[in-house]
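Excluded from the calculations below are hydrogen atoms, water molecules and symmetry mates; all remaining heavy atoms, backbone and side chain alike, are included. Chain letters run A, B, ... following the sequence lines, proteins first, then strands; residues in each count from 1.
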Number of protein chains: 2
Amino acid sequence: MNRQDIVRDPEASSSKTDLRLWLRLLKVQRRIEGRLRERLRDEFNSTLPRFDVLAALSSAEEGLRMSELSGILKVSNGNVTGIVDRLVADGYVIRSPVDNDRRATRVCLTGAGKQYFDVLAIAHEGWLSDLLARFDIGEKKILSPMLDRLNTDLVTMTEQDN
Amino acid sequence: MNRQDIVRDPEASSSKTDLRLWLRLLKVQRRIEGRLRERLRDEFNSTLPRFDVLAALSSAEEGLRMSELSGILKVSNGNVTGIVDRLVADGYVIRSPVDNDRRATRVCLTGAGKQYFDVLAIAHEGWLSDLLARFDIGEKKILSPMLDRLNTDLVTMTEQDN
DNA sequence: AGTAAATATTTTATACTTGAAATGAATTTT
DNA sequence: AAAATTCATTTCAAGTATAAAATATTTACT
């Protein structure tokens, strides 16, 4: 069975199907992300990367190290440095030293940051809820765990952390 | 039925479910995109935005205007200007005037651009195929059209073009 | 203890991205 | 036709993103 045969058989060759699947996923992701970014900008004069950092910190009672933040958000260290710099300037987060390790920095929400994020989070959840309102509830129940399995498979393929 | 009741009823309140769905989609998208970017950089010293522009042009026999490009890729006009600038500098695309409209610019692949993209496209398809290899084939068949429907619903909600 | 290796973060260079303003050209209105 | 509007693109300012180099610190090894 040579390459030609593989390509002619719709069952055996899934690479075009895979490509289409990826492009569709990307299209959905871009549309949702674009909408969320637009709302954050227009209604809160904020951005998605800022929101992501605040969200990560808000689920960490004791704050997070810079490297934990970049690990959770899956972005580079240097990137987090810049975003945290701006959030510090705005008074929403603070950097503090870590006991017994002077290399590391702990980043925490300030009181103002907590208050601010609580408002953002409710709005964010609402926007998402609105965006997905027309999508069939039954399909959601299938799609969500399927994406979770896909992610698990990807983790296996890429041999990285979850 | 007040807000508390809604929140307590797992069927009636889907905003948490929607949030989880979005976060899962995002996680999958970031992982795949990260991998593709890594490969493009390591194996071809290129980037995803460049690839996207070349891909769009490669399906357009007569080339595309700048605004058509940004429309297809769903990125801003100014963004496309920069990426095309670099592709022109590399000799992969050319800008040419459009008859009867001196405001517009047509962007086309050069011969070198076509050759280059053909190589990239095959590699790209292969990487994707590898990444999705472990994901159940039956699930793919369900997931792909479901994402398509989700996109359609989103288009309705956001009242923009497809 | 003293050196080497590993770790956490920042800095740097470059590229991508947006939204808004600016420019130049075509179309519509008066 | 002149003026106003719309349109296509570029420019600009600010923010986001990566990879790689630099810095500072900690841990491991001898």
Any non-hydrogen side-chain atom of N151(A) less than 4.5 Å from a side-chain atom of L147(A)?
no

Close side-chain approach of M146(A) and L150(A), heavy atoms under 4.5 Å
no

Going by distance alone, is a donor N or O of one side chain under 3.5 Å from an acceptor N or O of the other, for R41(B) and S46(B)?
no

Using a cut-off of 4.0 Å on non-hydrogen atoms, how would the nucleic acid contact of T105(B) be classed: base, sugar-phosphate, or nothing?
sugar-phosphate

Using a heavy-atom cut-off of 4.0 Å across all strands, would you classify R95(B) as base, sugar-phosphate, or nothing?
sugar-phosphate

Does the side chain of T105(B) come within less than 4.5 Å of V84(B)'s, by heavy atoms?
no

For DNA chain C, which residues of residues 39-52 of chain B approach it to below 4.0 angstrom with any heavy atom?
T47(B), P49(B), R50(B)

Within-4.5 Å side-chain heavy-atom neighbours: L64(A) and R106(A)
no

Quick one, which residues of residues 79-92 of chain B touch DNA chain C with a heavy atom under 4.0 Å?
N79(B), I83(B), R86(B)

Could you pull out every donor-acceptor pair under 3.5 Å between side chains of residues 93-100 of chain A and any protein atom, sequence neighbours left out?
{"unit_1": "R95(A)", "atom_1": "NH1", "unit_2": "D85(A)", "atom_2": "OD1", "d": "3.0"}
{"unit_1": "R95(A)", "atom_1": "NH2", "unit_2": "D85(A)", "atom_2": "OD1", "d": "2.8"}

Evaluation steps, side-chain contact (heavy atoms from CB on, under 4.5 Å), between R50(A) and D90(A):
CA-CA 11 Å; R50(A) 275 167 149 89; D90(A) 290 344; 3.2 Å; yes

Over all strands shown, is R30(B) touching base, sugar-phosphate only, or nothing at heavy-atom distances under 4.0 angstrom?
nothing

Nucleotide dC16(C), atom P - distance to CG of L73(B) in whole Å:
13 Å

Between E68(A) (CD) and dT9(C) (C1'), how many Å, whole number?
13 Å

Is it true that atom CD of Q115(B) has more than 12 heavy atoms of other residues, nucleotides or ligands lying nearer than 6.0 Å?
no

All heavy atoms of F44(B) vs all of A123(B), minimum pair found to be CE1-CB, 3.7 Å

Show the nearest heavy-atom pair for residues K74(B) and R31(A), with the distance to one decimal.
CE-NH2, 3.7 Å

Which is true for S67(A) with a 4.0 Å heavy-atom rule: it touches a base, it touches only sugar-phosphate, or it touches nothing?
sugar-phosphate

Could you tell me if the ring centre of F117(B) sits under 6.0 Å from that of Y92(B)?
no

DNA chain D: 5'-most and 3'-most nucleotides touching chain A, 4.0 angstrom heavy-atom criterion:
dG15(D) to dT26(D)

Heavy-atom side-chain proximity of T81(A) to M66(A) below 4.5 angstrom
yes

Close N/O contacts between protein and nucleotides 22-29 of chain C (under 3.5 Å):
{"unit_1": "dA26(C)", "atom_1": "OP1", "unit_2": "R102(B)", "atom_2": "N", "d": "3.0"}

Using a 3.5 Å cut-off and no angle test, enumerate the donor-acceptor pairs between side-chain atoms of residues 126-140 of chain A and protein atoms at least two apart in sequence or in another chain.
{"unit_1": "D136(A)", "atom_1": "OD2", "unit_2": "G138(A)", "atom_2": "N", "d": "2.9"}
{"unit_1": "D136(A)", "atom_1": "OD2", "unit_2": "E139(A)", "atom_2": "N", "d": "3.0"}
{"unit_1": "E139(A)", "atom_1": "OE1", "unit_2": "R149(B)", "atom_2": "NE", "d": "2.7"}
{"unit_1": "E139(A)", "atom_1": "OE2", "unit_2": "R149(B)", "atom_2": "NE", "d": "3.3"}
{"unit_1": "E139(A)", "atom_1": "OE2", "unit_2": "R149(B)", "atom_2": "NH2", "d": "2.6"}
{"unit_1": "K140(A)", "atom_1": "NZ", "unit_2": "L132(A)", "atom_2": "O", "d": "3.0"}
{"unit_1": "K140(A)", "atom_1": "NZ", "unit_2": "D18(B)", "atom_2": "OD1", "d": "3.1"}

